[in-house]
Participant: 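Sharing a structure below in structure tokens format, with a few things to ask.
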Amino acid sequence: MAENNKNHTLSKEKDKEIQDIIKKELDRQRSNLLLIASENYTSQEVIKTMGSVLTNKYAEGYPNNRYYGGCEYVDQAEQVAIDRVNRLFGSDYANVQPHSGVNANTAVFVAILEPNDRILSMSLKDGGHLSHGQSHNLSGKYFDIYNYCVDPGTELIDYEQVKKMAKRVRPKLIICGASSYSRIIDFKKFREIADEVGAYLMADIAHIAGLIAGGQHPTSIGIADFTTGTTHKTLRGPRGGMILADKKYKKILDMAVFPGTQGGPLMHIIAAKAVCFREAMSSSFKEYAKDVVDNCKTLCQHLKDEGFRIVSGGTDNHLFLIDLSEKGITGYDATGVLASCGIVINKNLIPYDNKSPVVTSGIRIGTAAVTTQGMGKKEMHILGDIITFALNNKDNASRLRQAKEKVDALVADFPIYQNF
Ligand code: DSN
């Protein structure tokens, strides 16, 4: 650099305050068992791509049709992401720009609905998502929301009730897909119901995207009009959203994402999505998806055998819900007890819960992250024993310390992010 020139941009100075926080978070992820059903450990290649210079680029618009110059390489990255996700899911249109699952859902609403149009979706208490019409969310404020519930006896989606409601309500859009439903979702049955009442069908596969990609859950592609999802849960990519659909919807969906609901796309995240889609096409990812479900079934059955009541009696996917009301402990307290032992889960409403969303009668457990770590059947039984021991000794500090020691021993055998 010439003597009098100043380099204003390329500071090599470390931001110690933030680096210390990142280091602490890395240690937290390394030293705890992450059983939050919507979390995972993404690959180092994904993390490296997110931390790339692609973050510097504005690229409003779509590949080869941008409002900025200099987009030749980010165009390539976005096209690779689109082509790969279409190949992965067998779709013929994809929008990889939504910043999140909520943004993907919102864009579909903007594409096809007018304010006050009717939506029929799953109740939040029964497993639905807040962006499917919760009253404080934009979806609940701008649209007329009707909810279907699970059957109070089986705790499974009652397709007859969905059909009856659809006939009565005549919604413009039916939403299927959930955040805390542990069973297979029958997209074909939803399609039949939507056809009977002339409604659009949107499948929100945020939770099960990786299971669909890995052949462990039936697909919604070719059945639902719109499939929305996230890339960071079972799909194990960067935090972000996506929309898949028939290409006849390309124009309205592209417009609804940009300029309808978003501005500049996050090109570093889109490139990292492309990395994740490639990883999810591998045969090892198929094995991973199968192991996630097998581990979930093993852990769920273990806890059931220990006397915990499992919502709907079991699981077909990567998560299950425990109803703790007979155990005399709330979801809120159970989350704290397990956290003190190094097991991170979330409290969760269960169907027909009489407690508030802050307290809850249940907890949700998922196996996507521990399966990424390499844990299998044997570890699921160890984990089941530790969870049982901790919840049965919730007020005994020395026993909770013993549970923590067991978690530490388990985690030590399955290190993650060693090269960071
Ligand atoms: N998708 C939610 C979850 O399942 O954790 C968060 O909104």
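Atoms within a ligand are numbered from 1 in the order they appear, just like the ligands themselves.
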Participant: Considering heavy atoms of the protein only, find what lies nearest to atom 5 (O) of ligand 1 and give residue, atom and distance to 0.1 Å.
Facilitator: S38 OG, 2.8 Å
Participant: Please state whether the rings of H302 and H381 are parallel, tilted or perpendicular, taking 30° and 60° as the class boundaries.
Facilitator: tilted
Participant: If you measure from each heavy atom of K233 to ligand 1, is any distance below 4.0 Å?
Facilitator: yes
Participant: Where does R364 meet ligand 1, judged by heavy-atom distances below 4.0 Å: at the side chain, the backbone, both, or neither?
Facilitator: side chain
Participant: As a quick check of understanding, evaluate ring pair (Phe, Tyr, Trp, His ring centres under 6.0 Å) for F285 and Y288, giving each step before the final call.
Facilitator: CA-CA 5 Å; F285 190 86; Y288 164 71; 5.4 Å; yes
Participant: Are more than 12 heavy atoms from other residues, nucleotides or ligands located less than 6.0 Å from atom NZ of K290?
Facilitator: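 At most 12 heavy atoms, drawn from other residues, nucleotides or ligands, come within 6.0 Å of this atom.
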Participant: Before you tell me yes or no, could you show the steps for Y58 and Y67 under ring pair (Phe, Tyr, Trp, His ring centres under 6.0 Å), namely the whole-Å CA-CA distance, both residues' side-chain angles and the distance that decides it to 0.1 Å?
Facilitator: CA-CA 9 Å; Y58 247 117; Y67 288 85; over 10 Å; no
Participant: Nearest to atom 7 (O) of ligand 1, what protein heavy atom do you find, and at what distance?
Facilitator: H129 NE2, 2.8 Å
Participant: To check your reading of the model: name the closest protein heavy atom to atom 4 (O) of ligand 1, its residue, and the distance in Å.
Facilitator: H207 NE2, 2.6 Å
Participant: Between Y249 and Y93, is a ring pair (Phe, Tyr, Trp, His ring centres under 6.0 Å) present by the stated rule, with each step listed?
Facilitator: CA-CA 8 Å; Y249 296 118; Y93 162 83; 8.7 Å; no
Participant: Can you list the ligand 1 atoms lying under 4.0 Å from a non-hydrogen atom of S179?
Facilitator: 1 (N), 2 (C), 4 (O)
